[in-house]
Amino acid sequence: MTTKQVANPQIKLWIAAIKPPMYSVAIMPIWVGTAVAFAETRNFNLGIFSTFIAAAILILAWENISNDVFDSETGIDKNKHHSLVNLTGNKLLIFWLGNLCLAAGLLGIIAIGIWQNDPTVIGLILLCCLLGYTYQGPPFRLGYQGLGEIICFFAFGPLAMAAGYYSQTQSWSTTSLAASVIVGIATSLILFCSHFHQVKDDIAAGKRSPVVRLGTAKAAQVLYWFTGSIYPLILLFVLWGIFPVWTLMSWLSLPYAFQLCRHVQQNHHLPEKVSNCKFIAVNLHFFCCLLLGLGFIFVGG
């Protein structure tokens, strides 16, 4: 009984450190970009799609792991028990594990470039990686200046979506660009929500996240507009004829939007209670993007 009581919290810490739900962030830009490509061309390359998904997951793993390493250097994670560095006590091991994930992921992207005899996707993903590094990596640490959400928007929105679409078509699309705005906002929303419960630690480490700059009360109000912008934009793109009507299925994710805004509004000043809001944001991101992609697939089918 005692062993179970000790083991279970440790398992929970490792699960929290690995962040399994967060990997939908890597998958959805490729999914939606591929869905738009299928709607427009009626073609789908399963080999490229599956390789891209695997590579994207590995690259996001690198980003998450390296962020733990970089945060350990600033002291911002001293109270974060589920940091991989804190769990293992071996920063060098975690650093090289992250680099191994990056190398493996880039090999997949390079393979796509070789199959297509076209380096465009490689260039787009390298740019995503560069932006990802500037978020927490020295000497940039742009996330500490409150620029993380902007970086997140471009890396997981227009750039990753363009790569996903291009990997299937070797061309560009205004529809894909419009869809990337939705994906980018939904992804940045997750990062924005991750700041509410760690304001004290952020201030102590000199990190000026948007929530630190605004204060939790104002940030909770901004969240309403931030979250609420997704659905009118989708409707607008449908009315303009950029999106098919089927993409309005993404509105079925609205319950998660209401849950997220209500939860943060009620608990923005209570770190222990508001700490799970980023996982509500992950649910919103996942179902909104999943249904958005299905809307394009139904048209393509």
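Reckoned from all heavy atoms, side chains included, excluding hydrogens, waters and symmetry mates.
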| field | Verify same cluster id: Leu142, Leu214 (apolar side-chain graph, 4.5 Å) | value | yes

| remark: One should read off an interatomic distance between Phe196 CZ and Asn267 CG, to the nearest 0.5 angstrom, of 11.0 Å

| field | His195-Glu149 side chain donor-acceptor pair, cut-off 3.5 Å | value | yes

| message | I'd like to know if the side chain of Arg213 and the backbone of Arg208 have a donor-acceptor N/O pair within less than 3.5 Å. | response | yes

| message | Are Trp172 and Tyr166 an aromatic pair, judged by ring center distance below 6.0 Å? | response | yes

| said: Test your reading of the model: is there a side-chain donor-acceptor pair from Ser66 to the backbone of Glu63, 3.5 Å cut-off? | reply: yes

| task | Provide the closest heavy-atom pair for Gln168 versus Gln116 in the form atom of the first, atom of the second, distance. | result | N-NE2, 4.3 Å

| Around atom CZ of Phe44, are there more than 12 heavy atoms of other residues, nucleotides or ligands at under 6.0 Å? | yes

| Where does the angle between the aromatic ring planes of Phe287 and Tyr256 fall among parallel (under 30°), tilted (30 to 60°) and perpendicular (over 60°)? | parallel

| query | Are Val274 and Tyr224 co-members of a hydrophobic cluster defined by side-chain heavy atoms under 4.5 Å apart? | reply | no

| query | For Pro138, does its backbone N or O pair with a side-chain atom of Tyr133 as donor and acceptor, under 3.5 Å? | reply | yes

| query | Do Asn276 and His263 have side chains that get closer than 4.5 Å, going by heavy atoms? | reply | yes

| said: Please give me the minimum heavy-atom distance between Gly143 and Lys207, naming the atom from each residue. | reply: O-CE, 3.6 Å

| Student check: side-chain heavy atoms of Trp62 and Cys129 closer than 4.5 Å | yes

| message | Is there a side-chain contact between Phe52 and Ile109 in this structure, where contact means two heavy atoms from C-beta onward sitting under 4.5 Å apart? | response | yes

| message | Hydrogens and angles aside, do His197 and Ser275 bring a side-chain donor and acceptor to less than 3.5 Å of each other? | response | no

| field | Pair Phe38 + Phe296: ring centers closer than 6.0 Å | value | no

| request: Nearest 0.5 Å please: distance from the OG1 atom of Thr187 over to the CD1 atom of Ile182. | output: 11.0 Å

| Rounded to the nearest 0.5 Å, how far apart are CD of Gln266 and SG of Cys277? | 12.5 Å

| request: Report yes if some heavy atom in the side chain of His285 is under 4.5 Å from a heavy atom in the side chain of Ser24; otherwise report no. | output: yes

| note | OG (Ser229) and CG (Leu236) are apart, to the nearest 0.5 Å, by 12.0 Å

| Considering only heavy atoms from C-beta outward, does the side chain of Tyr165 approach that of Ser171 to under 4.5 Å? | yes

| field | Approximate separation, where rounding is to 0.5 Å, of Leu294 CG and Leu252 CG | value | 10.5 Å

| query | So, the side chain of Thr247 versus the backbone of Pro244: is there a donor-acceptor pair under 3.5 Å, distance only? | reply | yes

| query | Is the number of heavy atoms from other residues, nucleotides or ligands under 6.0 Å of Trp246 CH2 greater than 12? | reply | no

| query | Going by the angle between their ring planes, with limits at 30° and 60°, are Phe237 and Phe243 parallel, tilted or perpendicular? | reply | tilted

| Can you check whether Ile48 reaches Trp115 side chain to side chain, under 4.5 Å on heavy atoms? | yes

| Side chains of Gln265 and Gln221: do they bring a donor and an acceptor to under 3.5 Å? | yes

| query | Same hydrophobic cluster for Ile53 and Leu46, using side-chain heavy-atom links shorter than 4.5 Å among ILVMFWY? | reply | yes

| said: Glu40 vs Thr169, test: side-chain hydrogen bond (donor to acceptor under 3.5 Å, both in side chains). Steps then yes/no. | reply: CA-CA 9 Å; Glu40 293 184 345; Thr169 65; over 6 Å; no

| remark: To the nearest 0.5 Å, atom CG of Leu248 lies from atom CD1 of Ile234 at 8.0 Å

| Ring-ring centroid check Phe192 Phe153, cutoff 6.0 Å | no

| Between Tyr231 and Ser253, do the side chains contain an N or O donor and an N or O acceptor separated by less than 3.5 Å? | yes

